[in-house]
Enquirer: 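Take a look at the following structure, please.
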Amino acid sequence: MNRRVLLPLVAIAVALALATWVSETNRQLPFQLHSAPLKLPQLSFEDEAGHRRTLADFRGRYVLLNVWATWCVPCREEMPALARLQQKLGGPRFEVIALSVDSGGVEAVKRFFAEHRVDSLAVYTDRSLQVNSALRVVGVPTTVLVDREGREIARHVGPAQWDSTQTVEGLRRVIAQSGST
């Protein structure tokens, strides 16, 4: 077969394989991957010690940023699953950031985590609600998947079973596509 025929066939095969991979990954995740990454605004929040943090502090790893509140029933129900996801995938390539927008701040989150035995998630808060505004959060929980460069690649509004086998495998596939680090 000559090159003029072979090259287009190879291009079609690669395009079909990529489309199949994206489709399969999207079926395994509770959200649809965006067709192209979206630039995120500067997001600032506090850690348990009161230090200012930004998403740039997590550059180089995928971040599942979950905006939640202790008074939100669906948020409360999904928090143990987020903690288990952090236990399964957390490390140098992935981190769950559970960002509370409670007016009670760090103390409200610490009480909730202690009460529900959530020990694999760090305490992050935004009492100012600036993150809600910057991300255009319409309700909690809202979860944003952020790539290694700090761009939004997917979003989900509402609760999800974050530690399900399908979700974990789907996230592993997304993380693996960036190569080993």
Enquirer: If you measure from NE2 on His116 to CD on Glu77, what distance do you get to the nearest 0.5 Å?
Expert: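 Separation between the atoms: 9.5 Å.
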Enquirer: Could you check if a side-chain atom of Trp71 sits within less than 4.5 angstrom of a side-chain atom of Phe112, using non-hydrogen atoms only?
Expert: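 The answer is no, as the side chains (C-beta and beyond) never meet within the 4.5 Å cut-off.
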Enquirer: Does Tyr62 have its ring centroid less than 6.0 Å away from the ring centroid of Phe94?
Expert: no
Enquirer: In Å, rounded to the nearest 0.5 Å, how long is the span from CG of Leu64 to CD1 of Ile97?
Expert: 9.0 Å
Enquirer: Between Asn66 and Glu78, do the side chains contain a donor N or O and an acceptor N or O under 3.5 Å apart?
Expert: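 Yes, because at least one side-chain N or O of Glu78 sits under 3.5 Å from a partner of the opposite role on Asn66.
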Enquirer: A side-chain contact here means heavy atoms from C-beta on lying under 4.5 Å apart; do Leu135 and Leu65 qualify?
Expert: yes
Enquirer: Are side-chain N/O atoms of Arg127 and Ser103 paired as donor and acceptor at under 3.5 Å?
Expert: no
Enquirer: Let me check something: do Leu33 and Leu38 share a hydrophobic cluster, defined by ILVMFWY side-chain heavy atoms less than 4.5 Å apart, either directly or through other members?
Expert: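 In one cluster: no.
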Enquirer: Is a donor from one side chain sitting under 3.5 angstrom from an acceptor on the other, for Glu46 and His51?
Expert: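 Side-chain D/A pair, Glu46 to His51: absent.
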Enquirer: Assess whether side chain to side chain contact (heavy atoms under 4.5 Å, CB included) is satisfied between Leu89 and Leu171, documenting all intermediate values.
Expert: CA-CA 9 Å; Leu89 292 182; Leu171 286 168; 3.8 Å; yes
Enquirer: Take atom CD of Glu95 as the centre, draw a 6.0 Å sphere, and report whether it contains more than 12 heavy atoms from other residues, nucleotides or ligands.
Expert: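 Yes.
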Enquirer: For a quick test of reading the model, state the closest non-hydrogen atom pair linking Val106 to Glu48 and the distance between them.
Expert: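 Scanning both residues, the minimum pair turns out to be CG1-O, 3.8 Å.
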